[in-house]
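Input: a single structure, listed below in structure tokens.
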Amino acid sequence: MRPGRRRARITVLALAGLVVFPIVPILALRWIDPPTTAFMLRHRFAREPTREGDASATRRTAIDYRWTDLDDVAPVMALAVVAAEDQLFPRHRGFDVESIEKAVSERHRRRRVRGASTISQQVAKNLFLWPGRSFVRKGLEAYLTALLETTWPKRRILEVYLNVAELGDGIYGVGAAADVYFHKQPAALTRREAALLAAALPNPKRRPADRPSAWMLERARWIEGQIDQLGGAAHLAGVLPTP
């Protein structure tokens with residue numbers, strides 16, 4: 001076989017592998033709760049400067065991750081993250097086209113780019129990928145998001161999101177966050193506490209829910225108002241709980 005054909009064949013097989021390989025774990029995770037995620041592993045084995053400050057070393061860092069079924073999470077918590085992150089979540093098929101168009105327009109105008117990722121996209125990214133804005137990563141994210149939306153019900157996507165979203169430095173999911181910040185089970189979270197956790201997204205390391213800034217308190221008040229609207233919307237039946 002000629003070298004050119006051999007390289008082309010290897011490329012095709014590699015691309016086929018990238019397409020087929022994720023299908024099995026995604027199908028399995030529809031029913032199996034993820035033991036960890038790519039983002040958790042990245043945090044656990046983060047490279048940090050040594051004491052001398054002239055080099056970096058890999059060290060294990062603690063993470064707090066406690067799986068909690070959606071039925072054991074306060075309904076207002078589910079509504080709060082949808083209100084804060086992706087209000088079209090029950091209706092879209094993984095992508096918020098309008099938000100993507102706005103983000104592209106702002107990038108062309110060299111303005112600060114707003115987030116356009118849906119909850120489904122964030123689940124795909126957290127489970128399998130890495131931070132960044134490269135075309136390769138975004139392409140993989142889009143493909144994985146389409147797989148999730150095709151094979152998982154919306155409630156499962158939301159359940160996994162509530163468990164894998166980082167809500168503090170090394171704190172993943174509402175099971176850990178409810179205990180660390182408010183010393184209670186996630187089923188007992190109040191409307192204000194749920195809104196504060198949601199207000200910390202997407203940068204919880206700088207926005208601790210137990211020490212909210214004035215901006216976070218205002219954001220939480222807005223989220224609480226959105227919870228009332230989302231909870232009473234007929235099109236959310238079967239996807240989001242009633243508060």
Side-chain angles (χ1 to χ4, degrees), residues 29 32-46 48 59-87 89 115 119 122-123 125-127 131 154-232 236 239-243:
L29 290 173
I32 300 172
D33 302 331
T36 188
T37 70
F39 269 50
M40 291 182 203
L41 291 173
R42 182 177 180 273
H43 181 94
R44 186 182 291 277
F45 297 101
E48 296 189 355
R59 69 178 183 88
R60 290 175 64 90
T61 54
I63 64 170
D64 195 340
Y65 169 53
R66 315 173 197 180
W67 179 269
T68 307
D69 291 339
L70 186 59
D71 291 338
D72 296 323
V73 177
V76 290
M77 186 68 241
L79 288 165
V81 296
V82 172
E85 293 291 287
D86 182 9
Q87 293 196 13
F89 172 72
I119 284 175
Q122 292 180 54
V123 170
K125 178 180 68 176
N126 277 271
L127 284 176
K154 287 284 189 177
R155 285 181 63 85
R156 180 58 173 173
I157 295 173
L158 182 59
E159 181 177 53
V160 172
Y161 177 75
L162 286 167
N163 279 278
V164 304
E166 189 173 16
L167 293 169
D169 190 8
I171 301 169
Y172 291 87
V174 297
D179 182 30
V180 170
Y181 293 127
F182 305 116
H183 311 294
K184 59 175 60 177
Q185 294 297 312
L189 287 169
T190 66
R191 179 181 296 249
R192 171 49 60 93
E193 290 164 348
L196 284 170
L197 287 174
L201 297 167
N203 196 358
K205 293 179 182 179
R206 295 185 179 181
R207 303 172 185 169
D210 59 343
R211 299 190 305 277
S213 63
W215 182 91
M216 276 189 68
L217 291 172
E218 181 60 32
R219 172 74 170 166
R221 282 191 288 270
W222 179 84
I223 291 171
E224 287 187 75
Q226 298 300 301
I227 287 173
D228 292 331
Q229 297 183 35
L230 290 172
L236 300 180
V239 176
L240 298 181
T242 302

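Given the structure is predicted, the values throughout are model-derived calculations rather than measurements.
Rounded to the nearest 0.5 angstrom, Leu162 CG and Thr68 OG1 are separated by 9.0 Å. With values rounded to the nearest 0.5 angstrom, Arg44 atom CZ is found 4.0 Å from Ile63 atom CD1. In this structure, Gln185 CD and Asp179 CG are separated by 7.0 Å, a value rounded to the nearest 0.5 Å. Distance NE2/His43 to OH/Tyr172: 5.5 Å, rounded to 0.5 Å. Atom CZ of Arg192 and atom CD1 of Ile223 lie 10.0 Å apart (nearest 0.5 Å). Annotation: the span from Tyr65 atom OH to Met40 atom CE amounts to 4.5 Å, rounded to 0.5 Å.
Looking at heavy atoms from C-beta onward, Asp69 lies in side-chain contact with Asp33 at the 4.5 angstrom threshold. Put simply, the side chain of Gln122 does not reach to within 4.5 Å of the side chain of Pro202, judged on heavy atoms. Taking 4.5 Å as the limit, some side-chain heavy atom of Leu167 sits within range of a side-chain heavy atom of Val174. Inter-residue side-chain proximity for His183 and Asp210 is flagged as unmet; no heavy-atom pair is nearer than 4.5 Å. Taking the side chain as every heavy atom from C-beta outward, Lys184 and Glu193 approach each other to under 4.5 Å.
When atom types are taken as modelled, the side chain of Asp64 and the backbone of Ala176 share no donor-acceptor pair closer than 3.5 angstrom. Side-chain atoms of Arg207 do not come within 3.5 Å of backbone N or O of Trp215 as any donor-acceptor pair.
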As a quick check of understanding, evaluate side-chain contact (heavy atoms from CB on, under 4.5 Å) for Leu189 and Leu197, giving each step before the final call. CA-CA 10 Å; Leu189 287 169; Leu197 287 174; 4.0 Å; yes
field: Worked check of side-chain contact (heavy atoms from CB on, under 4.5 Å) between Leu158 and Val81
entry: CA-CA 9 Å; Leu158 182 59; Val81 296; 4.0 Å; yes
Apply side-chain contact (heavy atoms from CB on, under 4.5 Å) to Leu196 and Leu217, showing your working. CA-CA 7 Å; Leu196 284 170; Leu217 291 172; 4.2 Å; yes
For this session: Kindly determine whether Leu127 and Tyr161 satisfy side-chain contact (heavy atoms from CB on, under 4.5 Å), including the steps that lead there.
Result: CA-CA 9 Å; Leu127 284 176; Tyr161 177 75; over 6 Å; no
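Counting all heavy atoms, side chain and backbone alike, Gly170 lies closest to Glu166 at N-OE2, 3.1 Å. Summarising the geometry of Gly175 relative to Pro186, their closest heavy-atom pair is CA-CG, 4.0 Å, with the distance given to 0.1 Å. Here the closest heavy-atom approach between residue Val160 and residue Pro34 is recorded as CG1-CG, 4.5 Å. Nearest approach of Gln87 to Ala83, heavy atoms of both residues: NE2-O, 3.1 Å. Minimum heavy-atom separation, Ala194 to Ala80: O-CB, 3.7 Å. A pairwise comparison of heavy atoms in Arg219 and Ala199 identifies CG-CB, 3.5 Å as the closest pair.
Of the charged side-chain nitrogens involved, at least one lies within less than 4.0 Å of a carboxylate oxygen, so that Glu159 and Arg156 count as a salt-bridged pair.
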